[in-house]
Amino acid sequence: MDASRPEPSTQTDVLEPPAPPLVLTPALAADPGTEAEILWRIAREEPELRQWLVINPNADARLLEYVSQAGGPGVRRALNVLFDSLDALESEYG
């Protein structure tokens with residue numbers, strides 16, 4: 001057997017199908033395991049999903065500011081709920 005030619009088993013790895021396209025959903029937007037670049041993609045491209053980013057514990061201040069400025073269905077309400085809950089925690093634990 002020629003040593004310069006790959007074994008047949010390694011050739012099948014190349015023929016693996018690509019991963020399916022990522023489906024942007026409310027669950028993905030709210031999932032703390034979603035990578036920051038995906039969260040930003042949702043914020044930029046999916047206005048109807050922005051409200052779900054607000055409840056993601058990994059949404060940083062920059063992302064929340066962007067979402068606040070960009071708006072979208074339910075964003076204002078989601079932010080109000082977040083701020084009200086933070087105010088309640090602060091008054092409870094001072």
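Start at 1 with the first residue, then count along the sequence.
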> Rounded to the nearest 0.5 Å, how far apart are CG of L28 and OG1 of T34?
Replying inline: 4.0 Å
> Distance from L22 atom CG to E35 atom CD, nearest 0.5 Å?
Replying inline: 9.5 Å
> For the atom pair CZ (R50) and CG (L64), what is the distance rounded to the nearest 0.5 Å?
Replying inline: 13.0 Å
>> Looking at R62, I want to see if its CZ is surrounded by more than 12 non-hydrogen atoms of other residues, nucleotides or ligands under 6.0 Å.
In response: no
>> So which atom in L39 and which in N58 form the shortest heavy-atom distance, rounded to 0.1 Å?
In response: CD1-O, 4.3 Å
> Got a second to check how far L53's CG is from W40's CH2, nearest 0.5 Å?
Replying inline: 9.5 Å
> Which pair of heavy atoms, one from Y66 and one from A43, lies closest together, and at what distance?
Replying inline: CE2-O, 3.3 Å
> Rounded to the nearest 0.5 Å, how far apart are CD of E65 and CG of L79?
Replying inline: 9.5 Å
> Hey, any chance V67 and L86 share a hydrophobic cluster, counting ILVMFWY side chains that come within less than 4.5 Å of each other, even indirectly?
Replying inline: yes
> How far apart are the closest heavy atoms of L49 and A29, and which atoms are they?
Replying inline: O-CB, 4.0 Å
> Once you round to the nearest 0.5 Å, how far does CG of L89 lie from CG of D84?
Replying inline: 11.0 Å
>> I'd like to know if L82 and I55 are part of one continuous hydrophobic network [Ile/Leu/Val/Met/Phe/Trp/Tyr, side-chain heavy atoms within less than 4.5 Å].
In response: yes
>> How close do G74 and Q51 get, counting heavy atoms only, and between which atoms?
In response: CA-OE1, 3.5 Å
